[in-house]
Amino acid sequence: MSVIRAALVAVVALWAMLAGHGAWALDAVVVRQNLPAVDLLPAVELHTVEGDRIQVSTAPGPDGIVRRIEVRAREPGPASHWLVFALANNTDEQLDRLIVAPHFRMVESGLIWPDLGSVRIASLTPSQGFRPEQQSDPGSDTFLVTLDPGATVTLVAELKTPRIPQLYLWEPEAYKAKVNSFTLYYGIVIGIAGLLALFLTILFVVKGSAMFPAAALLGWAVLAQIGTTFGFWARVFDLSTEVQQVWRASGEAILASTLVVFLFAYLNLSRWHVRYGHIALGWLITLGGLVTLAVVDPPMGAGIARMSMLGVAVLGFLLIVYLSTHGYDRAVLLIPTWALFLVWVIAAGFTITGIFTNELVAPALLGGLVLIVMLIGFTVMQHAFSGGGLAGPVGDIERRALALAGAGDMVWDWDVGRDAIYTSPEAEHLLGLRRGTLETDAAGWLETLHPADRDRFRTALDSLVEQRRGRIHQQLRMRSQDGHYLWFALRARPVIGSDGEVVRCIGTMVDITENKTAEERLLHDAVHDNLTGLPNRALFLDRLEAALGFARLDETMRPAVILLDIDRFKQINLSAGVSIGDSILLTIARRLSRLLKPQDTLARLSGDQYGIILLSEREPERITAFADTIRKTLRTPITFANREIFLTASIGLALIDADHGRREEVLKDAELAMQVAKRTGGDRIEVFKPALRTQKTDRLGLESDLRRALERDEIIILYQPIVRLEDRTVAGFEALARWNHPKLGKLAPAEFIPIAEETGLIIELGLFVMDRAARQLGSWQRVLRLDPPVFVSVNVSSRQLLRHDLIQDIKGVLARNVVIPDTLKLELTESLVMENPEYAAQMLSRIRELGAGLSLDDFGTGHSSLAYLQRFPFDTVKIDQQFVRASDRGTRPVLLRSIVAMAHDLGMEVVAEGAETESDAVELAQLGCEYAQGFAFGEPLTAEDARRLISPIPAESQRAAAGR
């Protein structure tokens with residue numbers, strides 16, 4: 001028989017497992033007679049099913065049979081939530097128990113979108129026996145369950161919400177005792193909170209300061225919050241659960257708002273900074289809107305209010321500590337209370353997030369909140385009854401005394417008859433002197449003054465006594481204990497006695513040391529550079545005027561003016577940043593200062609321009625040698641963040657003689673020499689000669705002519721051959737621009753390219769050269785049809801690379817002129833691409849995608865990183881001519897072989913510049929270099945001469961191909 005029963009139980013269990021909404025049989029909770037309360041949540045099963053009914057398996061009864069029951073929801077809907085658990089009475093007596101599910105619990109209610117309470121259980125259905133009877137309990141869902149002796153009952157609860165915060169099985173008397181004990185506690189806490197709020201309100205009526213209504217509002221807000229949490233208002237006003245959610249969320253929002261109001265009013269933040277008032281007002285408006293949100297969406301409003309309360313606690317504590325360090329007494333008094341409030345907020349956060357789960361935590365927290373408000377009330381009372389105001393009317397003498405004390409002025413009094421001077425102790429404190437040191441006779445008091453001020457002050461005292469009228473208004477320096485001087489402003493007037501004589505002289509002293517320091521700083525800044533501290537242009541010209549005067553008086557003295565301008569400093573600022581640029585300027589100032597002698601002057605005249613008045617050297621040779629020392633000093637690399645920056649300077653030098661009449665003329669001559677040095681390539685010294693004034697120095701005219709040079713077709717393109725070293729055939733050309741100036745003749749690139757760079761004309765000039773070179777290349781390729789095809793290299797400047805329109809320019813050139821891909825090569829210098837390697841890598845990749853070749857020019861002269869170099873899509877490397885022409889024949893092959901090997905490893909071809917002899921060509925070929933260019937293979941040629949050099953075909957054929 002037992003075997004049949006066991007099989008039956010197994011079949012029923014299997015059927016329950018396979019059913020759509022079924023589950024395994026429950027483990028029943030054994031109800032013991034002497035146990036007052038049992039937590040049921042660990043033993044329950046939660047189900048969410050579609051539809052309005054659920055089928056569950058019951059817990060096995062005493063006979064071991066698992067039955068199947070179906071329960072239908074009272075409130076139909078698309079889905080329903082269910083809770084299933086079982087109770088077993090193994091005793092011989094009938095047991096009555098209460099199943100209690102509270103509507104709201106602070107514990108585990110959550111920080112964001114918190115659970116603000118709800119009806120938890122809509123109905124409770126037993127598997128056998130009578131339906132549990134619901135008890136009247138406004139704060140929880142309470143059901144009375146009667147368990148027969150030896151019975152096992154499965155209970156299915158229809159839930160109103162997807163989750164249930166707590167479910168307990170209580171012995172009725174124990175639950176009643178628990179409710180009564182908490183009711184007594186709740187009553188005491190609410191009573192204290194109500195009395196405290198009423199007391200603070202009465203205090204507000206007595207004292208009209210803004211802090212008292214703010215404290216009263218905080219008290220009423222705490223009372224409202226406690227009454228809502230304890231369910232007091234729900235019993236008084238018979239509030240539904242949904243309405244209680246609104247009250248609870250609104251109470252938390254109001255509590256957060258009143259905390260901001262109290263903090264702003266108590267600390268009187270508007271007196272510290274108007275920004276504090278704006279922040280507090282904005283926060284308060286936000287919290288006011290939060291109260292409205294709490295009515296519309298209580299969970300969202302409560303979540304924001306709780307986060308706001310945390311922000312108020314933390315930021316308020318930091319603000320209080322900050323103001324305390326600045327000597328604000330109110331903030332000092334509030335530190336203990338607000339620290340306690342911060343602890344309270346942290347404990348509340350642990351509670352709502354479920355770190356603290358004890359049942360006593362929530363009541364204890366609310367009691368602690370009342371205690372905090374009580375401490376705030378005591379703090380406010382200290383100000384209410386401290387007697388801070390003045391009682392009764394104040395006389396004129398008292399007003400004067402109070403005004404003097406409030407202004408912080410010190411009293412100075414000279415009793416003429418007794419020759420005794422009294423000075424307030426504050427002066428002795430400022431000077432670090434012992435008390436009574438300044439209470440002496442007039443002669444002794446004068447000893448504390450600066451020697452330069454004594455006679456002036458003594459004369460003022462004598463004049464006052466003799467003339468028996470007048471005032472003293474002087475600024476004096478007084479010696480402190482450590483020997484330095486402080487500035488004081490003394491104002492005094494005589495007091496005339498009945499006999500018409502001066503009986504005393506009395507006035508005030510004010511410490512004006514900070515004002516004097518500021519004045520000196522302003523005077524210093526007016527004639528000195530703010531960054532380097534060097535003399536500025538105004539002081540430089542003043543000292544230059546003095547040097548001219550010395551030269552007129554002493555014919556042996558030949559002062560020199562040296563002007564130096566850092567080459568390409570604008571590019572350094574753009575690539576490295578302004579802060580590094582400023583550091584470089586400081587480094588240059590320090591280096592130059594170490595070279596000068598005391599009689600010399602170093603000044604910063606403009607952004608990257610420095611001026612030197614050299615008086616320590618008189619011989620022209622030594623002056624020139626000194627300028628060369630400056631040039632070499634500046635070439636020493638400057639290291640910033642594992643990056644070396646190399647600088648050069650263009651230096652202009654002018655010697656002062658009797659012919660120089662005005663300082664501006666001397667400075668202009670030096671500037672003229674410096675401009676000549678810069679135009680000829682920089683990193684050089686140019687000595688001024690009168691002939692420079694008659695040379696081509698009309699820069700503005702040259703700029704104007706250059707703007708019209710393209711329109712007048714004055715720019716011509718020459719082509720320097722690039723030879724293939726394997727068979728000495730012409731592989732390609734480098735396109736070079738020349739200017740046929742109508743008045744000045746042919747100008748080399750060094751004479752007009754820097755002007756084009758500075759004025760921005762390099763963009764139009766570069767596009768012109770690129771377009772003409774591409775047109776000529778396409779013409780050659782259509783006529784010659786060589787294999788491999790001939791190529792042309794065109795230089796690209798920094799101005800062109802930094803423009804986003806460069807891609808469109810190249811695309812337009814290649815669209816207008818059909819050339820074989822990768823045969824129009826763009827040459828970029830190593831230093832140019834390393835100015836901004838990330839940007840350069842992107843631009844070069846897009847250029848390669850358009851079908852243009854890329855050549856790395858002047859390789860080895862810059863300071864590139866190999867990690868970056870391998871990321872650039874160059875197909876050709878041009879070795880700078882300084883390596884090819886190196887005088888050290890022993891090290892040159894080693895350097896060239898290393899460069900060639902590295903380029904080949906990176907998949908690039910190599911072009912060597914500066915090959916001037918046949919031996920150079922042979923050596924380069926042996927080292928593995930593919931191409932070379934230099935005077936050994938021809939100077940720059942016109943397009944027609946270059947075509948003949950490639951292949952001597954008839955010109956008519958070329959023109960016919962170009963026409964096609």
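Under a cut-off of 6.0 angstrom, the local environment of CZ in Arg635 is sparse, with at most 12 non-hydrogen atoms contributed by other residues, nucleotides or ligands. A 6.0 Å sphere centred on CZ of Arg816 holds more than 12 heavy atoms belonging to other residues, nucleotides or ligands.
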*Check the pair Val911, Gln933 against side chain to side chain contact (heavy atoms under 4.5 Å, CB included), reporting the backbone distance first and the verdict last.*
CA-CA 7 Å; Val911 178; Gln933 72 180 93; 4.0 Å; yes

*After noting the C-alpha distance and the side-chain angles of Asp582 and Ser579, does the key distance pass the side-chain hydrogen bond (donor to acceptor under 3.5 Å, both in side chains) rule?*
CA-CA 5 Å; Asp582 290 345; Ser579 59; over 6 Å; no

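Rounding to the nearest 0.5 Å gives a distance of 9.0 Å between OG of Ser779 and CZ of Arg947. The CD1 atom of Ile638 sits 8.5 Å away from the OG1 atom of Thr636 when rounded to the nearest 0.5 Å.
Listed for the Asn817 side chain is a donor-acceptor partner under 3.5 Å among the backbone atoms of Val813. The closest donor-acceptor contact from the side chain of Arg604 to the backbone of Gly607 lies under 3.5 Å. With Thr629 contributing its side chain and Ala625 its backbone, the two residues share a donor-acceptor pair below 3.5 Å. Without hydrogens or angle criteria, Tyr610 side chain to Ile566 main chain gives no donor-acceptor distance under 3.5 Å. Between the Asp565 side chain and the Ile651 main chain, no donor and acceptor come within less than 3.5 Å of each other. Glu909 contributes no side-chain N or O that, together with a main-chain N or O of Glu930, makes up a donor-acceptor pair within less than 3.5 Å. At least one donor-acceptor pair under 3.5 Å links the side chain of Asp875 to the backbone N or O of Leu854.
In terms of heavy atoms, Gly851 sits closest to Leu814 at C-CD1, 4.5 Å. The shortest non-hydrogen separation linking Gln781 to Thr823 is NE2-OG1, 3.0 Å. Pro873 and Arg848 get closest at one heavy-atom pair: O-CD, 3.4 Å. Listed here is the closest heavy atom pair of Val730 and Arg724: O-NH1, 4.5 Å.
By the 4.5 Å heavy-atom criterion applied to side chains, Gln776 and Ile717 are not counted as neighbours.
Ring pair Tyr719/Trp780 is perpendicular by interplanar angle, where above 60° counts as perpendicular and below 30° as parallel.
Residues satisfying the side-chain hydrogen bond (donor to acceptor under 3.5 Å, both in side chains) test with Arg537, not counting sequence neighbours, are Glu671.
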